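Bear in mind that the values here come from a model prediction, so they are computed numbers and not experimental data. Lettering follows sequence order; numbering is per chain, from 1.
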Amino acid sequence: MYLLVVAASVNEHDMLKTLVEAIPKILNWIIAFKGSQDSKVPVVDFGSDYGLRNLKISEVIDIEEMAWAPKYGLKGIIDASIRVKVESSGNEANEKILPLEFKTGKVPNGQSSLEHCAQVILYTLLMSERYLRHIDSGILHYLYSDQTQGIMVRRSDVVGLIMRRNELASDILKASKMQQLPPMLRSPSMCRNCHHLAVCTIYHKVHGGSTESSGLGDVFDSHVYHLTAAHCAFLQQWDRLIDLEAKETQLVRSEIWHSNAMKSDRSTNCLSSIVLDASNGFSQQKSLKDNRFIYRFVPRILLPHNVYASKGDSLDAPSPPVNDLDCTLKIGDYVILSTESGHQTVASGVIADIGQFHVSVSLSKRLRLPSSNSLPEANDLLQEVWRIDKDETMTSFSVMRSNLVQLFLQNAQSSHLRNIIVDLEPPRFDSGCVFSQDPAISYIWSVKSLNGDQRRAILKILTAKDYALILGMPGTGKTSTMVYAVKALLMRCASILLTSYTNSAVDNLLIKLKAQGIDFLRIGRHEAVHEEVRANCFSAMDVQSVEEIRLRFNQVKVVAVTCLGITSPLLANKKFDVCIMDEAGQITLPISLGPLMFASKFVLVGDHYQLPPLVQSTEARENGMGISLFCRLSEAHPQAISALQSQYRMCQGIMELSNALIYGDRLRCGSPEIANRKLKFSRLKSCSSWLNEVLNPHKPIVFINTDMLPAHESKDSKTVNNPVEAYIIAEVAKELIKCGIESEDIGIITPYNSQANLIRTAVCIISVEINTIDKYQGRDKDCILVSFVRSSENPRNYSSSLLGDWHRINVALTRAKKKLILVGSCKTLSNVPLLKLLIDKVNEQSGILNVSHEDIKLEEHNVEQVGCC
DNA sequence: TCTCTGCAGAGAGGA
């Protein structure tokens with residue numbers, strides 16, 4: 001509630017007054033309709049065809065009930081679902097379930113409006129689906145005038161609505177496929193006060209519309225006169241890219257909207273065959289703080305006996321674990337709960353906790369099956385077999401579209417950003433008077449721990465009038481540079497919006513800021529925020545009023561939020577002096593626009609030599625969707641870039657490799673100590689000579705060539721892996737640990753998920769971090785092992801595979817501090833030009849290590865073991 | 001060719 005008040009910036013007291021006035025009205029209505037044995041049964045008018053009916057509520061089944069109907073492609077939230085007894089004069093009363101909709105606004109002409117009736121009729125459709133029974137009527141109640149209207153669903157009304165729905169769906173399809181919008185309504189009276197007028201007219205103009213075709217005359221002109229042909233082309237181009245990407249994503253996303261979804265269990269974004277865990281009471285705890293209900297589920301196979309035998313996750317793994325909850329769901333993900341007996345989308349919630357043998361889901365209300373009554377101790381829940389699907393409602397696309405169109409609105413902020421981003425006007429900088437009185441600048445000169453690059457980067461930020469770009473090559477201390485930039489900006493009393501795409505990137509930065517004693521506000525969902533910064537969320541602050549929220553905003557200069565989190569009502573109407581965006585090279589342009597709208601200037605921090613934004617659709621990628629704003633501006637105005645080139649991560653040898661392949665000798669070691677880093681073994685003894693060679697501390701880079709082995713990739717439907725490589729990686733990892741390297745100093749990376757899983761089973765006894773290259777961006781370890789996977793008898797062109805992307809190769813090569821061990825087939829990999837260069841370079845530096853059959857004593861069963869796990 | 005993070009919601013006016 002506080003959030004809405006903040007967003008609408010209405011007076012808190014006024015709002016409370018409205019609310020307090022409405023409560024007794026609702027209450028009176030309920031009392032009147034619930035009635036008692038002897039009280040008079042109220043009469044409701046169901047329109048001319050059906051007349052007056054006596055109506056008595058026997059139960060309020062649910063409020064704010066979620067109702068999704070895949071069959072109709074509709075979803076909604078029903079104000080109240082009620083069970084009633086209806087009787088028309090003389091006839092026997094029959095019991096019904098129906099939707100009740102409250103309206104607060106004015107009553108249109110004393111008659112309920114067509115729109116409101118249509119809404120209720122749609123609700124009856126949704127409820128029919130949910131309750132698996134025919135629901136033929138609904139109730140509309142106007143609080144302002146205390147009028148109750150009954151709605152009896154006529155078949156012709158439903159047909160009309162469904163036809164209208166189909167028209168709309170077809171228009172949307174046409175717009176996204178052929179970039180063709182339906183014609184304007186051409187009705188100034190209707191359009192003048194429409195909330196979508198600005199966006200609507202902009203789109204009309206962009207798609208070739210004119211003042212005449214809009215039918216709106218001057219109103220049209222006043223909304224679009226500022227748009228040039230270049231602006232229109234830009235909006236049209238990006239709108240199309242978003243369409244392409246949205247289409248692609250819809251194809252792969254979980255098929256919860258399809259009726260056969262229940263049968264396909266192949267998606268890893270779902271958990272099936274789980275049941276409620278009743279071992280600790282009903283496993284339903286109400287967390288006191290935020291009124292949420294937590295339900296704990298366990299695999300069905302674990303019940304009933306195992307769960308009672310031991311507690312929590314410490315139980316012996318059942319063999320085989322039919323479902324060890326091996327899926328990609330993680331804490332904070334939005335999910336949908338369904339039953340396998342046919343109730344789809346019973347409830348939606350958030351993963352509160354997930355382990356190998358349990359998953360807890362947090363719901364905003366009590367879990368209830370539509371068919372059952374609302375008693376809290378409903379045992380029918382325990383009888384059900386459940387499934388959890390990730391809620392993949394693609395809100396990111398709507399954020400993209402709304403960000404994009406905002407850029408073309410007729411206002412000062414949009415106009416400024418448009419000049420910079422669309423027209424690519426050169427950024428302006430203060431002619432840097434170094435000896436100025438600016439305390440921020442003197443502070444930066446006084447900080448001893450900054451190197452020359454970092455200081456120049458911060459000065460760039462401080463002198464920027466529009467924007468600054470910070471190119472942070474691997475290991476160059478991007479984060480600490482940002483921390484000092486924030487400190488310097490705070491000396492100028494600037495307000496700062498910190499952002500990045502992922503929660504983890506935002507929180508990483510915040511943890512460093514916190515260590516420096518800088519106060520900040522973190523906007524975001526409690527579950528998704530790192531625990532070290534959760535105390536800075538409003539959800540942890542126990543705010544009692546809007547005033548307290550305002551107060552807190554006034555105290556704090558730094559606010560942090562993810563790029564998609566900007567839609568939070570807490571940020572409505574907020575303005576900042578500077579927006580700093582981390583990992584900007586990985587964020588698509590339309591997404592990055594959002595946070596920039598809040599600030600008068602911005603700083604993008606990134607490295608466009610590392611992975612670009614993830615784009616699913618090849619067509620969208622080929623047409624420029626993978627070009628981040630960071631990349632666009634870097635290419636247009638190199639003078640806006642300040643590069644961090646002194647790196648503190650890699651030793652000389654590893655850095656040289658990256659310099660030779662990607663950075664053109666621009667990377668430097670921060671100090672001689674960094675340059676000469678070596679792995680320290682507490683003991684070096686190995687029985688096999690090839691492992692001795694791999695561990696040789698004088699070789700920072702080792703390439704293990706598998707060409708002499710039968711080490712071919714194996715393909716399983718869509719994924720690729722390589723069991724022999726997995727085996728070699730595991731052997732090396734075990735040897736490293738045997739020789740005294742701590743397991744937390746070792747990281748294993750590979751392009752493919754399937755290979756990561758294979759390696760995980762191969763090294764099962766030791767706990768080493770294993771991940772895809774993509775997920776490892778931004779991280780580092782003393783020793784990194786890379787499995788390239790690709791290897792075949794007749795190598796083909798791999799330029800369109802994951803290995804063909806040089807950004808990914810760059811990320812893989814720049815994660816290791818002291819030792820980089822690469823495993824792959826020289827013959828196959830040499831087909832990728834960059835990898836050919838890599839192999840040549842390593843050969844020059846330390847030679848390629850060819851392993852033979854005898855070397856690794858490749859017993860058939862070893863590999864088979866890995867292969868079958 | 002197979003890499004993957006984010007994100008509520010409903011509400012309303014007027015010749």
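- Taking A:Ser187 as the reference, A:Ser189 meet the side-chain hydrogen bond (donor to acceptor under 3.5 Å, both in side chains) condition, with sequence neighbours excluded.
- Partners of A:Val350 under the side chain to side chain contact (heavy atoms under 4.5 Å, CB included) rule, at least two apart in sequence or in another chain, are A:Arg292, A:Tyr334, A:Arg525, A:Glu527.
- With B:dC2, B:dT3, B:dG6 as the candidates, the nucleotide lying closest to the side chain of A:Arg790 is B:dC2.
- Across all strands shown, A:Glu101 has heavy atoms under 4.0 Å from sugar-phosphate atoms exclusively, and none from any base.
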Practice problem: State the dot-bracket string of DNA chain B. Criteria: Watson-Crick or G-U wobble, both atom distances under 3.5 angstrom; notation: ( ) intrastrand, [ ] crossing earlier pairs, | interstrand, . unpaired. | Solution: ...............
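- One finds no side-chain N or O of A:Tyr334 lying less than 4.0 angstrom from the OP1 or OP2 phosphate oxygen of B:dG6.
- OP1 or OP2 of B:dC7 sits under 4.0 Å from a side-chain N or O of A:Arg525.
- In this structure A:Asp805 satisfies the salt bridge (Lys or Arg N to Asp or Glu O under 4.0 Å) test with no other residue, sequence neighbours excluded.
- Phosphate contact (OP1/OP2 of B:dT5, side-chain N/O of A:Ser396, threshold under 4.0 Å): absent.
- For A:Lys390, counting side-chain heavy atoms from C-beta on, the closest listed nucleotide (B:dG11, B:dC2, B:dT5) is B:dT5.
- At least one side-chain nitrogen or oxygen of A:Tyr752 sits closer than 4.0 Å to the OP1 or OP2 atom of B:dC2.
- Put simply, the side chain of A:Lys75 and the base of B:dG9 share no donor and acceptor less than 3.5 Å apart.
- Remark: A:Ile627 engages A:Cys631, A:Arg632 in a side chain to side chain contact (heavy atoms under 4.5 Å, CB included) (not counting sequence neighbours).
- Between the side chains of A:Ser791 and A:Glu713, no donor-acceptor pair is found at a separation under 3.5 Å.
- Annotation: side-chain hydrogen bond (donor to acceptor under 3.5 Å, both in side chains) contacts of A:Ser504 (sequence neighbours excluded): A:Thr502.
- Of the listed nucleotides (B:dA10, B:dT3, B:dT5), B:dA10 has the atom at the smallest distance from the side chain of A:Ile77.
- A close approach under 4.0 Å does occur between a side-chain nitrogen or oxygen of A:Gln119 and OP1 or OP2 of B:dG11.
- Remark: A:Asn753 is not in phosphate contact with B:dC2, judged by side-chain N or O atoms under 4.0 Å from OP1 or OP2.
- Counting any heavy atom pair closer than 4.0 Å across all strands shown, A:Ser504 reaches sugar-phosphate atoms only and no base atom.
- Summarising the geometry, the separation between CG on A:Leu570 and C1' on B:dA8 is reported as 14 Å, rounded to the nearest angstrom.
- Between the C1' atom of B:dG11 and the CD1 atom of A:Ile78 lies a distance of 17 Å, rounded to the nearest Å.
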